[in-house]
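This report concerns only the one structure given below.
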Amino acid sequence: MFPQDPLPDAPSAASPLLVHLNPEQLAAVTLPAGHALILAGAGSGKTRVLTTRIAWLLQNGHARPGSILAVTFTNKAAKEMVARLSAMLPVHVRGMWIGTFHGLCNRLLRAHHQAAGLPQTFQILDTQDQLAAVKRLCKQHNVDDERFAPKDLAHFIANCKEQGLRPNDVQGQDSNTRKKIEIYQLYEEQCQREGVVDFGELMLRSYELLRDNDHLRAHYQRRFAHILVDEFQDTNQLQYAWLKQLAGNVVDGRYQAHGSVLAVGDDDQSIYAFRGARVGNMADFVREFGVQQQIKLEQNYRSYSHILDSANALISHNSSRLGKNLRTTQGPGEPVRVYEASSDLAEAQWMVDEIKQLLRSDGFEHREIAVLYRSNAQSRVIESALFNAGVPYRVYGGLRFFERAEIKHALAYLRLLENPQDDTSFARVVNFPPRGIGARSIEVLQDAARAAGCSLYDGVSAVPGKAGINLGAFVALVDGLRAQTRGLNLRSIIEQMLESTRLVAHFCTEKEGADRIENLQELINAAESFVTQEGFGRDAVALPLDEHGGAAPPKPPMPGIVDADTGETLSPLAAFLTHAALEAGDNQAQAGQNAVQLMTVHASKGLEFDGVFIGGMEEGLFPHENAASERDTLEEERRLMYVAITRARRRLYLSHSQTRMLHGQTRYNIRSRFFDELPEAALKWLTPKRQSFAALASHSGAGSAYSSSARQSFGFKSAGAESGVFAHLPVPPRKGAPAHGLAAGIAVFHTKFGEGKVLALEGSGTDERAQVHFARHGSKWLLLSVAKLTVVD
DNA sequence: TAATGTTTTCTTTTT
DNA sequence: GAAAACATTA
């Protein structure tokens with residue numbers, strides 16, 4: 001049994017752990033047993049409080065490592081927590097359950113796979129795989145993909161699961177919904193048959209496991225006397241329900257929690273409602289758990305007050321808030337600089353100039369400067385401006401390692417070794433590299449497998465003729481590989497696979513193949529470091545703590561991985577595949593370099609920089625046009641802006657542009673309404689401030705500001721540029737008649753080719769062209785009506 | 001079946 | 001403007 005230690009009422013500040021904490025942080029760290037909500041503002045030392053709390057619990061004997069469960073959203077956050085804890089504690093952190101929601105669910109399901117109705121080596125489908133599985137299903141059942149787009153269906157299924165709904169639980173009002181439910185049902189059956197689970201299933205299945213097994217639930221409830229949740233504002237309905245299962249039971253219609261739940265979050269930084277996050281969970285938690293302790297961390301250790309004042313003022317325009325104000329003891333610092341550019345190119349060029357200035361005169365480091373934007377499409381111009389200026393930069397986002405096509409192909413082969421029933425993996429590589437198995441053959445195979453009620457793999461023998469021979473060769477290849485690699489270590493398995501499948505050989509013949517081959521080599525390294533990694537796949541292992549006197553953790557027995565709770569083992573290959581699915585990996589491009597950081601505002605959450613640029617502060621972009629018309633979504637945009645602002649320590653730059661290329665068309669945008677919500681005293685306008693959004697809106701004669709007619713006009717395309725309320729905005733130069741001021745000998749700048757010198761001019765009107773010599777790219781004839789040339793002085 | 005041309009779509013995203 | 005999905009030809 002796991003007796004609960006009584007906690008003292010008064011905190012003792014004597015411990016060296018607690019020396020540098022402010023009073024609120026100290027109170028949070030030393031809270032007595034019971035549920036608590038910590039409202040932790042941006043830059044208020046949230047992670048510090050969480051980790052110190054755990055360390056304090058252990059150090060003072062209030063908890064054993066085995067009774068602690070800490071859950072985060074990202075692998076990065078989980079890793080950081082483990083790293084900080086290891087630094088704080090003399091004992092290793094083995095016995096604790098620290099991980100992402102999905103990582104912990106995976107661990108539960110592996111440990112209790114029988115009770116959960118899963119094969120022990122179940123594979124995990126990522127979003128891509130899930131979509132592929134839905135597509136395959138739709139094809140097989142002749143679903144009209146006009147009426148039911150696979151994407152929508154995948155979305156529908158994920159949504160249902162997030163709400164904890166199985167097909168039987170969903171209400172089908174109309175025939176459309178009923179059809180979707182039917183497909184959901186079929187999808188479930190397909191996954192079960194193939195032994196695969198998607199991300200939603202990982203959550204839902206382990207929720208049901210706890211819900212339906214009283215003794216299991218009781219075991220974990222007793223065990224985890226201390227549950228800590230990071231970024232609580234981002235939890236969705238199912239994750240909250242999952243936490244409730246772990247923490248307690250409904251007794252006589254009232255929820256009674258067993259251990260102590262400490263939830264840390266910030267409603268003002270809730271920016272994931274669009275993917276199901278429910279800020280309302282915070283209020284529900286307080287109510288349902290009868291939370292007695294609520295602590296606000298409002299002391300900010302990051303930014304100067306001009307920046308914080310801006311953030312506070314902006315967020316005060318949101319109506320649904322728990323209420324919190326950041327404060328700092330640092331001085332006002334530099335004002336927030338605002339710049340209006342004529343075009344997205346000019347905006348990017350201005351950013352580069354300012355960045356150079358920061359690097360040169362103000363002693364900023366490259367990596368301490370970030371350029372943030374609302375959507376990924378905005379990065380391109382900024383990238384090219386930085387590139388041409390020779391400033392090193394790193395773009396976050398985009399394809400990550402385990403999502404790359406060549407890696408997914410390799411993983412699919414590995415998955416087939418583990419589980420031949422995995423039709424998604426089968427379909428992915430059956431004809432890759434090409435081996436004469438086309439769409440027709442696969443159709444025949446699918447019908448055969450369906451008729452026999454078996455997997456594609458097992459259905460191959462039923463396919464006659466040439467197609468059957470080709471398919472048979474593929475199956476023989478995989479079977480042969482399985483036999484060859486039996487008993488080998490992970491590295492050799494992968495090397496052998498790359499060899500036998502001729503994946504590397506295939507990419508040798510492709511023109512872009514070199515990078516892919518490099519990535520495949522990298523896969524071997526990834527596997528190698530996974531194996532040698534201390535602890536060997538944190539997510540899958542739970543070794544007993546302290547049996548070795550707190551020394552380095554014992555090496556897991558090879559070849560299997562043992563879960564201490566159940567004694568179940570998992571092969572290194574299966575563990576690696578799980579690792580690949582749950583941790584998509586960094587986009588390692590240019591990693592480690594000291595470079596300017598480019599990323600979306602979403603990606604910047606949790607990070608901080610000395611200097612921050614937020615570009616594209618325009619109506620239609622930020623707030624995004626799809627979000628501006630409804631209160632809830634507009635408020636999420638505002639929180640997004642709040643997150644962006646609070647990333648900055650010392651310098652903050654906001655910019656917007658009159659024109660911008662979007663979807664291949666020039667759009668004429670006006671300044672974001674968010675500028676009108678910032679305190680004038682904290683701003684410095686580098687370009688003259690012009691009429692505001694609100695003034696423009698009321699100019700249209702529509703009465704109240706944001707009327708629907710005014711709203712629809714924002715973010716319009718070029719056709720409407722000279723009509724209505726925008727007639728007084730500067731009209732952009734018409735095509736073909738640029739006041740270019742070009743002549744032979746003049747230095748110019750081109751976004752793609754960089755700086756060059758004009759050699760000659762020729763033609764007129766739309767045909768006018770210039771011959772320009774570029775250092776890097778030689779001489780080129782450029783149509784002035786098309787090419788983006790600017791004069792350099 | 002495989003390679004090549006044509007049309008379509010286009011926030012934010014971790015697991 | 002560009003990737004990805006789709007249709008068409010050798």
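Order of the sequence lines fixes the chain letters, A, B, ..., with proteins taken first and strands second; residue numbering starts at 1 for each chain.
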To the nearest angstrom, how far is [X] atom [atom1] from [N] atom [atom2]?
{"X": "A:Tyr373", "N": "B:dT12", "atom1": "OH", "atom2": "P", "result": "10 Å"}
{"X": "A:Glu619", "N": "B:dT11", "atom1": "CD", "atom2": "P", "result": "18 Å"}
{"X": "A:Asp126", "N": "B:dT15", "atom1": "CG", "atom2": "P", "result": "12 Å"}
{"X": "A:Gln378", "N": "C:dG1", "atom1": "CD", "atom2": "P", "result": "17 Å"}
{"X": "A:Met599", "N": "B:dT14", "atom1": "CE", "atom2": "P", "result": "12 Å"}
{"X": "A:His663", "N": "C:dA3", "atom1": "NE2", "atom2": "P", "result": "15 Å"}
{"X": "A:Phe199", "N": "B:dT15", "atom1": "CZ", "atom2": "P", "result": "8 Å"}
{"X": "A:Leu662", "N": "B:dT12", "atom1": "CG", "atom2": "P", "result": "11 Å"}

Cation-pi, A:Tyr396 ring and A:Arg394 (6.0 angstrom, 45 degrees):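 Yes; both conditions hold, so A:Arg394 lies above the ring face of A:Tyr396.
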Axial cation check for A:Phe426 ring with A:Arg415, 6.0 Å and 45° limits: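 No; the conditions do not both hold, so A:Arg415 does not lie above the ring face of A:Phe426.
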Between [options], which nucleotide has the shortest distance from any of its atoms to the side chain of [X]?
{"X": "A:Arg440", "options": "B:dT11, B:dT13, B:dT1", "value": "B:dT1"}
{"X": "A:Ala627", "options": "B:dT11, B:dT15, B:dT12", "value": "B:dT11"}
{"X": "A:Arg400", "options": "B:dT11, B:dT13, B:dT14", "value": "B:dT14"}
{"X": "A:Ser375", "options": "B:dT11, B:dT15, B:dA2", "value": "B:dT11"}
{"X": "A:Arg275", "options": "B:dT13, C:dA2, B:dT11", "value": "B:dT13"}
{"X": "A:Thr600", "options": "C:dG1, B:dT15, B:dT12", "value": "B:dT12"}

Among A:Arg660, A:Arg673, A:Arg667, A:Arg671, salt bridge (Lys or Arg N to Asp or Glu O under 4.0 Å) partner for A:Glu618: A:Arg660
Is there a side-chain contact between [X] and the phosphate of [N], meaning an N or O under 4.0 Å from OP1 or OP2?
{"X": "A:Asn75", "N": "B:dT15", "value": "yes"}
{"X": "A:Asn376", "N": "B:dT12", "value": "yes"}
{"X": "A:Asn626", "N": "B:dT12", "value": "no"}

What do you reckon, do A:His102 and the base of B:dT15 stack, with centroid distance below 5.5 Å and planes below 30°?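 A:His102 vs B:dT15: stacking no.
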Is A:Phe274 stacked against the base of B:dT12, taking the criterion as centroid distance under 5.5 angstrom and interplanar angle under 30°? yes
Pick the closest DNA chain B nucleotide for A:Ala603 and for A:Pro434 by heavy atoms, then say which residue is nearer the 5' end.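 Result of the comparison: A:Pro434.
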Can you work out whether A:Ile271 or A:Ala439 has the more 5'-proximal nearest nucleotide on DNA chain B? A:Ala439
Using purine N1 to pyrimidine N3 plus N6-O4 or O6-N4 for Watson-Crick, or N1-O2 and O6-N3 for G-U wobble, each under 3.5 Å, what pairs with [N]?
{"N": "B:dT14", "result": "none"}
{"N": "B:dT1", "result": "C:dA10"}
{"N": "B:dT7", "result": "C:dA4"}

Which part of the nucleic acid, if any, lies within contact of [X], taking any heavy atom under 4.0 Å across all strands shown: a base, the sugar-phosphate backbone alone, or nothing?
{"X": "A:Asn431", "answer": "sugar-phosphate"}
{"X": "A:Gly664", "answer": "base"}
{"X": "A:Glu637", "answer": "base"}

Record whether the side chain of A:Thr127 comes under 3.5 Å of the base of B:dT15 through a donor-acceptor pair of N or O atoms. yes
Value for CD (A:Gln163) from CG (A:Asn159), rounded to nearest 0.5 Å, stands at 6.0 Å
Can you find a heavy atom in the side chain of A:Leu640 that is under 4.5 Å from one in the side chain of A:Arg374? yes
Nearest-angstrom distance, C1' atom, C:dA3 to B:dT14: 23 Å
For atom C1', what is the distance between C:dA5 and B:dT12, given to the nearest Å?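 Per the computed distance, 23 Å lies between those C1' atoms.
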Got a salt bridge between A:Lys139 and A:Glu443, using NZ or NE/NH1/NH2 to carboxylate O under 4.0 Å? no
Syn or anti for B:dT4, taking syn as within 90° of 0?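 Classified anti.
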List the steps and the verdict of side chain to side chain donor-acceptor pair (under 3.5 Å) for A:Glu80 and A:Thr47. CA-CA 9 Å; A:Glu80 185 176 345; A:Thr47 312; 4.8 Å; no
